[in-house]
K.L.:
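What follows is a single structure, and I will ask about it in a moment.
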There are 2 protein chains.
Amino acid sequence: MNDPTPSAGRGEPTRDALIRAAIEIFGRDGFDAASTRAISDAADVNQALIGYHFGGKPGLYLAALRFIAASVSARLGPLVDSIEEQIAKDGQARTGKKVAERSLAALQGLLEAFVGMLASDESAAWARLILREQQNPSDGFDVLYEGFMHRILGVASELVARAQNRGASAADCKLTAFTIIGQAVVFRAARACVMREMQWSELGASELADIRAQLRRNIAAIVQAEPSR
Amino acid sequence: MNDPTPSAGRGEPTRDALIRAAIEIFGRDGFDAASTRAISDAADVNQALIGYHFGGKPGLYLAALRFIAASVSARLGPLVDSIEEQIAKDGQARTGKKVAERSLAALQGLLEAFVGMLASDESAAWARLILREQQNPSDGFDVLYEGFMHRILGVASELVARAQNRGASAADCKLTAFTIIGQAVVFRAARACVMREMQWSELGASELADIRAQLRRNIAAIVQAEPSR
DNA sequence: GTCTATAGTCGGATAGAC
DNA sequence: GTCTATCCGACTATAGAC
């Protein structure tokens, strides 16, 4: 009688408010510790409506993850689209100085956008939920992986391959992509440590600019380094 | 009547078992979601003993964090000691090719040890707890920061400064240290994503060797890159 | 120090009026 | 679709016997 997400209708504002509150509370407390009462209070709707609209707490959690995947896609999707176009245009010409230069610039741009997202207050709750899912994957992890992770990692690896301009295996390029992405992720995953050690009181425009400059420099260095060790 | 941690005595095996179980359960479920029953069951002791030995659930949590800090220090402390000795021996001679080479090698060694720790099954539960504390710092975060984070970040930054061999500010070196450490952290923080994307079924010796080689290469590239961009 | 038993609280789910 | 009311299970903490 309570089909999850009965699609648009009069109850849409209610579902929306519940999802937004759920991201906040689930992100802060985790799935088990978050109470449906806290979520419904924050959303200013009746607690019983969670059961009606989402079938229960797990259904609301999945809906929240889908919302996050859609939000990340909305934020990074256009940039990834344009990069994929560029890759398609360059086609199989995976070597050449021009291609390498373009690919490096695209990779730097992608990571600047990525770290910008990780730094934003808006994404703080998402990020907490995503980190939780990574540490303890639930059924919902697929939603995130298929929703945006796989695609972003794909373009990042391909850009590494083209920017490096040497015969690294696909697995090597993926590994390189992860280490590069890790340089951005650390500023969310270890945020408390970063703020304390850097003696920052906030991660604002000025701090973000420093981080981005560091990332640009590191990415160029990694990708242009001689294969020899 | 129940002074927290009444020090050694007949109850020590009980306290030890509780702490070990607490790290596992708190790491898996988080502070709120973890139940004292689950912990006492896993430790195979009576639930009421948590109150007796640690004063309650929060006391047990703090004890677990202290145990983690001690474990990390035991694992990385000796290496950090030797690096600090080397730094002291090189003294204020922060420039020079030999010092730079030694410092780069030390930095690479530190990160290989660090990522080895992050990869180990033993540390899986620690890492989850630490990541939770970073995302949502409690009173216990100090225990971790003062316990080992601050010290490790300190030597890492100093090594960056000496290995780079150019006039980067202390803040820049710290930032560089974070991006380098982030390259290791990502393999714990985004482990689920890494395993899936790399199509790994385990993170064993072979995978760890690939990661270490990648880290060595990246660190050298970052530290030796020209300051220009 | 360790145990049993329980008091007191809070959580998720749902029945049923409107 | 939204609300009130409530059932029932699980939790922390603690009293008190041994």
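Letters A, B, ... mirror the listed sequences (proteins, then strands); counts begin at 1.
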K.L.:
Report the C-alpha separation of B/V155 and B/E84 in whole Å, then their side-chain angles, then the decisive distance to 0.1 Å, and conclude whether the side-chain contact (heavy atoms from CB on, under 4.5 Å) test is met.
P.N.:
CA-CA 7 Å; B/V155 292; B/E84 279 177 342; 3.5 Å; yes
K.L.:
B/Y52 OH to D/dG16 C1': how many Å, rounded?
P.N.:
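In whole Å, D/dG16 C1' and B/Y52 OH are 15 Å from each other.
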K.L.:
Would you check, one step at a time, whether the test side-chain contact (heavy atoms from CB on, under 4.5 Å) holds for B/S71 with B/E122?
P.N.:
CA-CA 10 Å; B/S71 302; B/E122 180 201 5; 5.8 Å; no
K.L.:
To the nearest Å, how far apart are A/Q47 CD and C/dG12 C1'?
P.N.:
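After rounding, the gap between these two atoms is 7 Å.
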K.L.:
Taking B/N218 as the fixed residue, which of A/L175, A/I222, A/V223 is the one that meets the side chain to side chain contact (heavy atoms under 4.5 Å, CB included) rule?
P.N.:
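Only one of A/L175, A/I222, A/V223 forms a side chain to side chain contact (heavy atoms under 4.5 Å, CB included) with B/N218, namely A/I222.
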K.L.:
So which heavy atom on A/Q214 is nearest to which on B/D172, and how close?
P.N.:
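Of all heavy-atom pairs spanning A/Q214 and B/D172, the closest is OE1-O, 3.8 Å.
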K.L.:
B/A48 has a side chain; which of C/dG12, C/dC3, D/dT4 sits nearest to it?
P.N.:
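So the nucleotide nearest the side chain must be C/dC3.
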K.L.:
With a non-hydrogen cut-off below 4.0 angstrom, is A/A34 in contact with a base, only sugar-phosphate, or nothing?
P.N.:
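Since only primed, P, OP1 and OP2 atoms lie under 4.0 Å of A/A34, the category is sugar-phosphate.
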K.L.:
In whole angstrom, give the distance that lies between atom CG of A/L49 and atom P of C/dT14.
P.N.:
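So the CG-P distance, A/L49 to C/dT14, works out to 14 Å.
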K.L.:
What is the distance from CZ of B/F26 to P of D/dC11, rounded to the nearest Å?
P.N.:
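So the two atoms are 13 Å apart, to the nearest Å.
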K.L.:
Let me know the distance between CG of A/D32 and C1' of D/dT12, rounded to the nearest Å.
P.N.:
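Atom-to-atom, A/D32 to D/dT12, this comes out as 16 Å.
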K.L.:
Can you check the B/K57 NZ to C/dC10 C1' distance for me, whole Å?
P.N.:
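Rounded to the whole Å, the gap is 13 Å.
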K.L.:
Please compare B/D44 and A/A38 by the position of their nearest nucleotide in DNA chain C and report the one closer to 5'.
P.N.:
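Mapping each residue to its closest nucleotide by heavy atoms, the 5'-most match is B/D44.
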K.L.:
Within this structure, what is the CG-to-P distance between B/L60 and D/dT12, rounded to whole angstrom?
P.N.:
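After rounding, the reported distance stands at 11 Å.
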K.L.:
Hey, which of these two, B/T14 or B/R37, hits DNA chain C nearer its 5' end, going by closest nucleotide?
P.N.:
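First, find each residue's nearest nucleotide; the 5'-ward one identifies B/T14.
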K.L.:
Rounded to the nearest 0.5 Å, what's the gap from CG on A/L18 to CG on A/L49? Could you check?
P.N.:
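It is 7.0 Å, given to the nearest 0.5 Å.
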K.L.:
Output the rounded distance in Å from CG (A/D29) to P (C/dG12).
P.N.:
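About 11 Å, once rounded to whole Å.
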K.L.:
Taking only the side-chain nitrogens and oxygens of B/S35, find out if one of them lies under 4.0 Å from OP1 or OP2 of D/dC11.
P.N.:
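Indeed, a polar side-chain atom of B/S35 lies that close.
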K.L.:
Looking only at side-chain N and O atoms, does A/N46 come under 4.0 Å of OP1 or OP2 in D/dT4?
P.N.:
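Yes, such a contact exists.
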